[in-house]
Participant: 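Questions regarding the structure given below will be posed in turn.
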Amino acid sequence: NMDEVYDVVVLGTGLTECILSGLLSVDGLKVLHMDRNKFYGGACASLSLDTAWEHFKQQGQPDVKVLGKPNDFNIDLVPKFLMANGKLVKILLHTDVTRYLEFRSISGSYVYKKGKLYKLPTTAGEALKSDLLGLLEKKKFADFLTFCSDFDEKDPKTYKNVNLKDDTSILMKKYKVQDIVKYCLGPAMALYRDDQWEKRPALETIDRVNLYCDSLAHYGKSPYLYPSYGLGDLPQGFARLCAIYGGTYMLNKPIDNIIYASDGKVCGVTSEKETVKCKAVIGDPSYFMPKVDKIGEVIRCVCILNHPIQGVSDAESCQIIIPQNQVGRKSDIYISCVSHSHSVATQGKYIVFLSTTVETSTPTKELDIALKMVEPVMVKFYETTPLLVPKNDALKE
């Protein structure tokens with residue numbers, strides 16, 4: 001009912017927006033959730049092959065005889081694996097949204113070094129056996145992982161004379177693992193995305209490495225989880241939570257205007273010549289273009305294969321990280337693979353996502369090295385997405 005007054009109007013049904021609307025509803029607020037799209041998920045949606053074909057503006061129709069039934073595909077617009085012991089999984093468990101979802105573990109985690117793929121060692125024992133590390137490096141890396149595993153922020157005895165506020169580079173020098181981190185520890189385990197991470201506090205890096213190792217301990221193959229039927233079920237799970245607690249949803253509702261009162265604070269949202277009154281508005285950046293700045297772009301390529309990626313032991317799913325210093329870049333390149341075993345593709349098909357931060361005027365070429373690693377490709381879609389940040393003072397509005 002557009003005549004009612006709401007505590008909060010949420011615009012867009014992406015994962016962030018749906019988490020917020022669910023938690024606000026649980027907290028007793030009256031929430032109206034609107035989306036210009038006719039499907040849930042926004043940029044976090046999972047699309048059937050037909051819908052993806054339309055979204056990526058492809059010619060004609062997908063070849064059903066070659067690819068299979070379009071509705072058997074659930075293609076994510078934004079690829080994401082979940083850390084098994086990460087904050088998002090903890091939110092899912094805390095809110096009981098897991099009752100709407102089913103997760104499967106990702107088969108393996110790999111890193112690219114000098115033209116080859118290597119399984120990432122994540123325990124002291126694996127480090128000693130890994131082909132990724134040289135003979136001298138193995139012992140040093142094993143010692144570092146043992147230090148992280150034994151570390152307890154509440155027990156200074158486990159600090160081993162490490163100043164937690166020091167730069168990570170100092171911690172690396174202490175354990176003499178500077179060479180290893182360039183292609184293994186920083187980008188692949190601590191999951192930093194550029195070469196500035198060595199300037200981050202040592203405590204942050206220790207926590208990141210331990211999150212990776214703790215998540216790995218849950219399932220053994222890799223630290224990552226992925227929801228069956230694609231990431232689109234994540235925002236829908238929180239949307240159900242919001243609805244259970246009285247939230248209202250409206251899809252396919254174009255947003256015409258954000259209304260402000262005389263004191264400069266938001267007081268309503270107009271859609272199709274109707275204005276709903278509210279006390280606050282939350283939304284993804286695309287609904288507030290005059291109030292956001294573009295700070296960069298991400299280039300993604302979605303590939304459909306009829307074979308597993310070479311070099312990953314025929315795994316049905318995996319994460320591959322190409323460190324920036326291995327390919328002369330400032331940011332890493334990511335490869336994520338899922339398949340029929342995750343209910344996102346027809347039997348025998350694999351969906352592979354390639355992504356990186358744009359650094360040149362020819363974004364698609366920046367993914368060429370990753371594309372060569374997964375070829376031959378049956379179908380591929382490219383999309384460049386802006387990175388947007390708010391520039392307004394939300395408290396004053």
Participant: Could you measure the distance from the CD atom of Glu316 to the NE2 atom of His342? Nearest 0.5 Å is fine.
Facilitator: 7.5 Å

Participant: Could you tell me whether a side-chain N or O of Ser46 sits under 3.5 Å from a main-chain N or O of Gly232, the two making a donor and an acceptor?
Facilitator: yes

Participant: Go through Thr357 and Arg193 one step at a time and tell me if the side chain to side chain donor-acceptor pair (under 3.5 Å) criterion holds.
Facilitator: CA-CA 9 Å; Thr357 302; Arg193 292 181 291 179; 6.0 Å; no

Participant: With side chain to side chain donor-acceptor pair (under 3.5 Å) as the test, pick out the partner of Thr270 among Asp256, Asn257, Thr275.
Facilitator: Thr275

Participant: Run Lys391 and Asp293 through salt bridge (Lys or Arg N to Asp or Glu O under 4.0 Å) and show every step you take.
Facilitator: CA-CA 6 Å; Lys391 61 182 180 181; Asp293 283 326; 3.6 Å; yes

Participant: Report yes or no: is the cationic atom of Arg240 (NZ for Lys, CZ for Arg) under 6.0 Å from the centre of the six-membered ring of Tyr100, at an angle within 45° of the ring normal?
Facilitator: yes

Participant: Cluster partners of Leu251, using ILVMFWY side-chain heavy atoms under 4.5 angstrom, listed by chain and number?
Facilitator: Tyr40, Tyr249

Participant: Val89 and Ala84: which non-hydrogen atoms are nearest, and at how many Å?
Facilitator: CG1-O, 3.5 Å

Participant: Could you grab the distance from atom CG of Leu234 to atom CD1 of Ile19, nearest 0.5 Å is fine?
Facilitator: 8.0 Å

Participant: Rounded to the nearest 0.5 Å, how far apart are CG of Leu88 and CE of Met83?
Facilitator: 12.0 Å

Participant: Using a distance-only test with no angle check, is there a side-chain donor-acceptor pair under 3.5 angstrom linking Glu366 and Thr356?
Facilitator: no

Participant: Picking from Val379, Ile304, Thr346, Asp72, what satisfies side chain to side chain contact (heavy atoms under 4.5 Å, CB included) with Leu49?
Facilitator: Ile304

Participant: Can you see whether Ser169 engages Asp167 through a side-chain donor-acceptor pair at a distance of less than 3.5 angstrom?
Facilitator: no

Participant: Answer yes or no: does atom NZ of Lys30 have more than 12 heavy-atom neighbours from other residues, nucleotides or ligands under 6.0 Å?
Facilitator: yes

Participant: Find the distance between NE2 (His33) and CG (Leu11) and round it off to the nearest 0.5 Å.
Facilitator: 7.5 Å

Participant: Decide whether Asp332 and Tyr112 meet the rule of one side-chain donor and one side-chain acceptor closer than 3.5 Å.
Facilitator: no

Participant: Distance check, rounded to the nearest 0.5 Å: Ile309 atom CD1 versus Ile320 atom CD1?
Facilitator: 4.0 Å

Participant: Are Tyr118 and Tyr110 an aromatic pair, judged by ring center distance below 6.0 Å?
Facilitator: no

Participant: Can you classify the ring geometry of Phe141 versus Phe144 as parallel (below 30°), tilted (30 to 60°) or perpendicular (above 60°)?
Facilitator: parallel

Participant: Examine the side chains of Ser109 and Ser222 and answer whether a donor and an acceptor come within less than 3.5 Å of each other.
Facilitator: no

Participant: Aromatic contact between Phe103 and Tyr226, with the criterion being ring centroids under 6.0 Å apart: yes or no?
Facilitator: no

Participant: If every non-hydrogen atom of Lys253 is compared with every non-hydrogen atom of Ser271, which pair is closest and at what distance?
Facilitator: CE-OG, 3.3 Å

Participant: Where do Asn37 and Gly42 come nearest, in terms of heavy atoms and distance?
Facilitator: ND2-CA, 4.0 Å

